[in-house]
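The structure under discussion appears below in the form of structure tokens.
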Amino acid sequence: MNSQQIQERAKQYWLLARLDRPIGIYILLWPALWALWLASEGSPNLTILFVFCAGVVLMRSAGCVINDYADRDFDPHVERTRQRPIAAGKVSTKEALIIFVVLSLCAFALVLLLNTLTIALSFGGAFLAASYPFMKRYTHLPQAYLGIAFGWAVPMAYAAETDAIPLTAWVLYIAVILWALVYDTMYAMVDKEDDLKIGVKSTAILFGDKDREIMGGLQLLIMSLLLTVGYLQGMGWLYYAGLCSGAGFFIYQQQLIFKREKSQCFKAFLNNNWFGLVVFIGIVLDYWVR
């Protein structure tokens, strides 16, 4: 294999892991950072911080690979996904499985730097990440399962920093599950027509004409849970200012999805990155001024 062929394989693997689209890394990283800062009261251990940041990149990439493997028979029939490496025949299923295993093992090697409780929790996280892509065949709630998988970083972060999982961690975990349910429903709204044709299930289909109202209710519940986290954690006004900014982004997202236009629904999905950022800024600033 010459250098040009090696470069082409590397490019296809890069695309397969969706590293050209880092939005998934961001929205997976924010809850982990929220939890690390809250668990450590504003002073996360640098080794733990590195493990979680690198682990997010590795596991999100592994998740994308196994997702495309699971959807290899569906993606060629969906406009948005038909050019993905496996669907387009540029990466074989065998290659995809090898890449998934390598990425997962690298992530596990990082977790071995942490305490026993976190290592034990990592097995649950690995199972959730590997099984999520297959849920859309069996349930209309794969978006909720995604939240359970993505949010698993929250109890792991508390375990890594405190060697325990307090009530605050579980409240935050539920908030993150619901947040993922909302933003991934926005994402699913883009593919709703194609999913109906090929028989793929999603909350965008399940919610039907009540999708906006249900997501609005969930967003209110998310804010209530984050307010509860602030109360349990004894947070100050800067934390709540961050939540107010986040509420503004939720309102904007509702405006974007109002007509259910594909491009606007996708824009609403992307906007969740800013929600995660402002909540994180509020947490950091609140501890910084103490």
Side-chain angles (χ1 to χ4, degrees), residues 18 20-28 30-31 60 63-64 66-68 70-84 87 129 132-151 174-223 225 246-279:
R18 228 92 86 231
D20 59 317
R21 299 179 179 231
I23 179 63
I25 294 173
Y26 301 151
I27 57 178
L28 178 55
W30 294 128
R60 186 265 182 170
C64 289
I66 198 64
N67 181 78
D68 285 7
D71 290 350
R72 61 192 182 279
D73 295 326
F74 294 132
D75 283 349
H77 305 288
V78 178
E79 179 182 353
R80 185 179 52 81
T81 60
R82 62 178 50 136
Q83 294 305 316
R84 287 179 176 174
Y132 155 71
F134 300 93
M135 290 299 108
K136 65 187 71 174
R137 292 162 173 75
Y138 308 108
T139 175
H140 277 96
L141 294 169
Q143 284 69 31
Y145 198 89
L146 175 73
I148 294 170
F150 269 25
I174 294 170
V176 172
I177 292 172
L178 296 180
W179 181 35
L181 173 57
V182 169
Y183 66 64
D184 204 42
T185 299
M186 294 173 179
Y187 190 81
M189 290 170 75
V190 179
D191 296 333
K192 186 175 179 178
E193 293 179 7
D194 289 324
D195 288 347
L196 284 167
K197 291 177 183 176
I198 61 179
V200 169
K201 298 177 174 65
S202 75
T203 46
I205 295 171
L206 178 65
F207 294 163
D209 294 337
K210 297 296 183 181
D211 49 6
R212 296 175 312 198
E213 292 86 346
I214 292 173
M215 282 190 283
L218 289 171
Q219 287 172 323
L220 287 173
L221 184 54
I222 292 163
M223 297 307 299
L225 289 167
F249 284 113
F250 275 173
I251 293 170
Y252 176 57
Q253 291 163 21
Q254 283 291 326
Q255 293 175 337
L256 288 173
I257 66 173
F258 187 75
K259 294 183 179 180
R260 300 186 180 89
E261 297 174 357
K262 290 184 179 182
S263 61
Q264 295 299 90
C265 291
F266 188 67
K267 188 175 180 180
F269 161 72
L270 295 175
N271 186 261
N272 279 276
N273 176 50
W274 299 106
F275 173 82
L277 173 61
V278 296
V279 173

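Note that the numbering runs from 1 along the sequence shown for the chain. FYI, side chains are in, hydrogens and waters are out, and symmetry mates aren't considered; it's all heavy atoms of this structure.
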Which value, rounded to the nearest 0.5 Å, describes the distance between [X] atom [atom1] and [Y] atom [atom2]?
X: Leu196; Y: Lys201; atom1: CG; atom2: NZ; value: 11.0 Å
X: Phe207; Y: Thr185; atom1: CZ; atom2: OG1; value: 5.0 Å
X: Met189; Y: Phe269; atom1: CE; atom2: CZ; value: 13.5 Å
X: Leu141; Y: Leu146; atom1: CG; atom2: CG; value: 12.0 Å
X: Ile148; Y: Tyr132; atom1: CD1; atom2: OH; value: 12.0 Å
X: Arg260; Y: Asp209; atom1: CZ; atom2: CG; value: 5.5 Å

What are the two closest heavy atoms between [X] and [Y], and how far apart are they?
X: Ala129; Y: Ala149; value: N-CB, 4.4 Å
X: Met186; Y: Asn272; value: SD-ND2, 3.8 Å
X: Asn67; Y: Arg84; value: ND2-NH1, 4.0 Å

Using the salt bridge (charged side-chain N to carboxylate O under 4.0 Å, His left out) criterion, which residues pair with Asp184? Sequence neighbours excluded.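 Asp184 satisfies salt bridge (charged side-chain N to carboxylate O under 4.0 Å, His left out) with no residue once adjacent residues are dropped.
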Phe275: ring pair (Phe, Tyr, Trp, His ring centres under 6.0 Å) partners, not counting sequence neighbours: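 If we apply the ring pair (Phe, Tyr, Trp, His ring centres under 6.0 Å) test to Phe275, skipping adjacent residues, the hits are Trp179, Phe250.
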Using a 3.5 Å distance criterion without hydrogens, assess whether the side chain of Arg60 forms a donor-acceptor pair with backbone atoms of Ile27.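 Judged by distance alone, no pair lies under 3.5 Å.
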Enumerate, atom names and distances included, each donor-acceptor pair closer than 3.5 Å involving a side-chain atom of residues 212-222, sequence neighbours excluded.
residue	atom	partner	partner atom	Å
Arg212	NH1	Phe258	O	2.2
Gln219	OE1	Gln254	NE2	3.0
Gln219	NE2	Gln253	OE1	3.3

Hey, what's the ring geometry for Trp274 with Phe249, parallel, tilted or perpendicular (30° and 60° as the breaks)?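 If you compare the ring of Trp274 with that of Phe249, the planes turn out parallel.
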Do Lys192 and Ser202 have side chains that get closer than 4.5 Å, going by heavy atoms?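 No, every pair of side-chain atoms sits at 4.5 Å or beyond.
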